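Note that this is a predicted model, so its numbers are computed, not measured. Quick note on labels: first sequence line is chain A, next is B, and so on, each numbered from 1.
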2 protein chains.
Amino acid sequence: MKIQQLRFLIEVVDSGLNVTLAAERLFTSQPGVSKQIRLLEEEAGVTIFERSGKRFTGLTAAGEAMTRAARRVLLEAENFKRVADEFRDESAGTLTVATTHTQARYVLPRVVAEFTRRYPQVRLAIREGDPHRVVENLQRGEADIGIATEALASAPGLVSLPAYSWHHLLIAPAGHPLLAQDALTLQTLASHPLITYDPAFSGRSRIDEAFRRADIEPNLVLTAVDSDVIKTYVSLGLGVGIIASMAFDSQRDSGLVAIDVGHLFGANITRLALRRGALPRRFAMAFVELLAPQLTPELVSAASREGGQSYDI
Amino acid sequence: MKIQQLRFLIEVVDSGLNVTLAAERLFTSQPGVSKQIRLLEEEAGVTIFERSGKRFTGLTAAGEAMTRAARRVLLEAENFKRVADEFRDESAGTLTVATTHTQARYVLPRVVAEFTRRYPQVRLAIREGDPHRVVENLQRGEADIGIATEALASAPGLVSLPAYSWHHLLIAPAGHPLLAQDALTLQTLASHPLITYDPAFSGRSRIDEAFRRADIEPNLVLTAVDSDVIKTYVSLGLGVGIIASMAFDSQRDSGLVAIDVGHLFGANITRLALRRGALPRRFAMAFVELLAPQLTPELVSAASREGGQSYDI
DNA sequence: TCCTATTACGTCGTCCGTAAGTATT
DNA sequence: AATACTTACGGACGACGTAATAGGA
């Protein structure tokens, strides 16, 4: 049994049982993959793939279990290499962070600034996408760290930790009548045209939930991925905006006034996720600590190892 | 990086940094091992072994961490094979149980009888030794299951579960004055010549502890590994014996009388141990369940995966 | 008929074993 | 001087790529 055979096996499974596609992704020849799969099956004495003639049509029960076991082996093999990398050059390498627009635009800049100062040799890549994209990036091992408010907590194969808590702000042009209100309610809010985030972004679920629970239909005139877009249209008088607290800067956003509406929509927890079982490199843990000081390297290291879902044979 | 290189690395470390010995144990040539180690170091770009000239004198910090990581890879590789074995032939294979004399002689026979009836295809091997030997067998992967009353709970690299509880018996020839005593005390006991287990066996630690706490010096005239030896000498009138409750059978041991002295020495818990992270085969779990019905396969399977000690780089 | 996996075959790499060399105790 | 690792070299196996073949959709 060779590591590469396991790699082939996993790639075939992840390519939807298409050996040709798997071979392309592995930058090798299709017959080579085919043969190694066969050799693996012979050595194990077990049929991994259900075949109808020459097509792979599914995984046998053995194949399911062996795929899971193979993933573990590969994960540990990656970790081995990562340990070596760590010692070869403590402070060089690549750190890929998958996150959403709001985080990338308003939260990460100060973290990135400090990080690149401390680790000038680390190539930092930020992948922006919606929360499900973030999850996917992590699951595939294409990103080391994921940061998002949605989708991370329950994703299989990942561990997530709370990074920080925030709430929503209402923004409106200076002088807007809503700003003079004493106790703002959802009812009042619903009587104005609203601009906020796209579904699945930046705590939008909390907003929907609050209105639904109150059985009020908000008047959403525009939704955006991007807080800047929201602010722009609010400035133009198209409506009042609801944005994440960290997206507002009273200096930069002069002309707009923000008031706290945390009491209406509750607190949001932005979480940080890692692939379960994948040991983060030291500089990755440093990045995490810069983002959320309570997440010490020890804590993050322990979390990455914790709770491997037990798999039965 | 190849699995075999990791195997070589671990064997060299476990051979006390002696490459020649490692090569012998691996049934291969010494230069081959030497070369693969070197290749591994080159590929990783890291020095694993400290050398003084041509001798290996120690592990570098990187070597320590990489050794730990390599062990994990190998453990998962073994698990992969075990999964394959499980499916190739659900009910064939080898089960090695490491245990102490008392367990092997008095507890396991009924378990083994039932097990071999249910799994006639499984080759069952019982390795007898003192508790530290049991631990060693497990740690080296030479045994699948360890059963002992001592040493298992705190052993690194193992997980242990309580199997059953027992207590000590006092045995004496029929008619012995001690048997007529109403409330037996340590003090009374100490006034007779005693025969019991060797240190580190069958709850001997509890016996020592009880006497030490009462600040009484017992008169140990003979110690043995083996309850049968103890019974023999008790029959000969050399003294009174203290043995494990499961070692006495009033039928077979006629001529001897036993009384419970659990109130003097407390309860002993015989534990069952597995190598941490090593997935037991189904028949191994069946063996465990026969021994201790409360240890269900689900529970054992979960335990084997639990609490991987986190390792830092 | 197209697509996909297997079979066949030649080449290159690499792993392993033997033998000689060199450094350390 | 003995022991232990490294270097050198030759042989054999194995992995991979190309080309041809067979089996399904």
Side-chain angles (χ1 to χ4, degrees), chain A residues 1-60 62-63 66-67 70 73-74 77 80-81, chain B residues 1-60 62-63 66-67 70 73-74 77 80-81:
Chain A
M1 183 206 81
K2 311 235 162 49
I3 287 184
Q4 187 142 11
Q5 293 176 328
L6 304 184
R7 205 169 278 132
F8 284 11
L9 165 62
I10 296 304
E11 196 60 50
V12 170
V13 172
D14 289 351
S15 302
L17 308 181
N18 183 326
V19 179
T20 307
L21 178 57
E24 275 170 25
R25 289 189 184 175
L26 291 161
F27 303 103
T28 186
S29 71
Q30 183 273 322
V33 175
S34 195
K35 180 155 201 188
Q36 292 309 318
I37 295 284
R38 178 160 288 275
L39 284 175
L40 185 62
E41 285 186 318
E42 278 173 21
E43 185 183 340
V46 159
T47 306
I48 296 174
F49 291 101
E50 285 173 354
R51 295 167 169 85
S52 100
K54 294 201 168 187
R55 305 279 170 128
F56 287 13
T57 55
L59 280 167
T60 62
M66 289 172 74
T67 301
V73 178
L74 293 179
F80 179 84
K81 286 186 195 145
Chain B
M1 185 205 77
K2 311 236 160 48
I3 288 183
Q4 189 144 10
Q5 293 176 329
L6 303 185
R7 205 169 275 131
F8 284 12
L9 166 62
I10 296 304
E11 197 61 51
V12 170
V13 172
D14 289 351
S15 302
L17 307 182
N18 183 328
V19 179
T20 307
L21 178 57
E24 277 170 24
R25 289 189 183 171
L26 291 161
F27 303 103
T28 184
S29 71
Q30 181 273 320
V33 175
S34 195
K35 179 153 201 190
Q36 293 308 319
I37 295 284
R38 176 163 290 277
L39 284 174
L40 186 62
E41 287 186 317
E42 277 173 22
E43 185 182 341
V46 160
T47 306
I48 296 174
F49 292 100
E50 284 173 354
R51 295 165 167 88
S52 100
K54 294 200 168 187
R55 308 273 169 133
F56 286 15
T57 55
L59 280 166
T60 62
M66 290 173 75
T67 301
V73 178
L74 294 178
F80 179 85
K81 285 186 194 146

Q | Secondary-structure string, 5' to 3', Watson-Crick or G-U under 3.5 Å, | for another-strand partners, for DNA chain D | A | |||||||||||||||||||||||||
[atom1] of [X] versus [atom2] of [N]: gap in Å, rounded?
{"X": "B:Leu39", "N": "D:dT7", "atom1": "CG", "atom2": "P", "answer": "11 Å"}
{"X": "B:Gln4", "N": "C:dC15", "atom1": "CD", "atom2": "P", "answer": "9 Å"}
{"X": "B:Lys2", "N": "D:dC13", "atom1": "NZ", "atom2": "P", "answer": "18 Å"}
{"X": "B:Arg51", "N": "C:dT22", "atom1": "CZ", "atom2": "P", "answer": "19 Å"}
{"X": "A:Ile37", "N": "C:dT4", "atom1": "CD1", "atom2": "P", "answer": "17 Å"}
{"X": "A:Leu17", "N": "D:dG24", "atom1": "CG", "atom2": "C1'", "answer": "16 Å"}
{"X": "B:Met1", "N": "C:dT14", "atom1": "CE", "atom2": "P", "answer": "16 Å"}
{"X": "B:Ile3", "N": "C:dT14", "atom1": "CD1", "atom2": "P", "answer": "18 Å"}

Side-chain N or O of [X] versus OP1/OP2 of [N]: is the shortest distance under 4.0 Å?
{"X": "B:Gln36", "N": "C:dC16", "value": "yes"}
{"X": "B:Ser52", "N": "C:dT25", "value": "yes"}
{"X": "B:Thr20", "N": "D:dT3", "value": "no"}
{"X": "B:Ser29", "N": "C:dT18", "value": "no"}
{"X": "A:Lys35", "N": "D:dA15", "value": "no"}

Tell me, do [X] and [Y] make a side-chain contact under 4.5 Å, heavy atoms counted?
{"X": "A:Thr47", "Y": "A:Glu41", "result": "yes"}
{"X": "A:Thr28", "Y": "A:Val33", "result": "yes"}
{"X": "A:Thr60", "Y": "A:Phe49", "result": "no"}
{"X": "B:Leu9", "Y": "B:Gln5", "result": "no"}

Q. When we call it a touch if two heavy atoms are under 4.0 Å apart, what does B:Gly53 touch: a base, just sugar-phosphate, or nothing?
A.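 Here B:Gly53 touches the backbone only, sparing every base.
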Q. At under 4.0 Å between heavy atoms, what does B:Gln30 touch on the DNA or RNA strands: base, sugar-phosphate, or nothing?
A.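 Result for B:Gln30 = base.
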**Q.** Proximal nucleotide (of C:dT18, C:dC15, D:dT7) relative to the B:Arg38 side chain
**A.**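 That would be D:dT7.
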Q. Can you find a donor-acceptor N/O pair under 3.5 angstrom joining the side chain of A:Arg55 to the base of C:dT4?
A.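 A donor-acceptor contact between them is absent.
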Q) Taking the nucleotide of DNA chain C with the closest heavy atom to each, which residue, B:Lys54 or A:Pro31, is nearer the 5' end? A)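 The residue closer to the strand's 5' end, by nearest nucleotide, is A:Pro31.
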Q: Measure the CG-CD1 distance between B:Leu74 and B:Ile10 for me, rounded to the nearest 0.5 Å.
A: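 Nearest 0.5 Å value for the CG-CD1 distance: 6.0 Å.
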(Q) How long is the straight-line distance from CZ of A:Arg7 back to CD of A:Gln36, given to the nearest 0.5 Å? (A)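 Atom-to-atom, A:Gln36:CD and A:Arg7:CZ are 12.5 Å apart.
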Q.
Using the rule given for side chain to side chain contact (heavy atoms under 4.5 Å, CB included), can you reason through B:Phe8 versus B:Leu39, listing the C-alpha separation, both sets of side-chain angles and the distance that settles it, and then say yes or no?
A. CA-CA 11 Å; B:Phe8 284 12; B:Leu39 284 174; over 6 Å; no
Q.
Using the rule side chain to side chain contact (heavy atoms under 4.5 Å, CB included), only one of B:Glu24, B:Gln30, B:Glu11, B:Lys54 pairs with B:Val19; which is it?
A.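 Result: among B:Glu24, B:Gln30, B:Glu11, B:Lys54, B:Gln30 is the only option passing the side chain to side chain contact (heavy atoms under 4.5 Å, CB included) with B:Val19.
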**Q.** Residue mapping more 5' on DNA chain D - nearest nucleotide basis, A:Phe27 or B:Asn18
**A.**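 Counting from the 5' end, the first nearest nucleotide belongs to B:Asn18.
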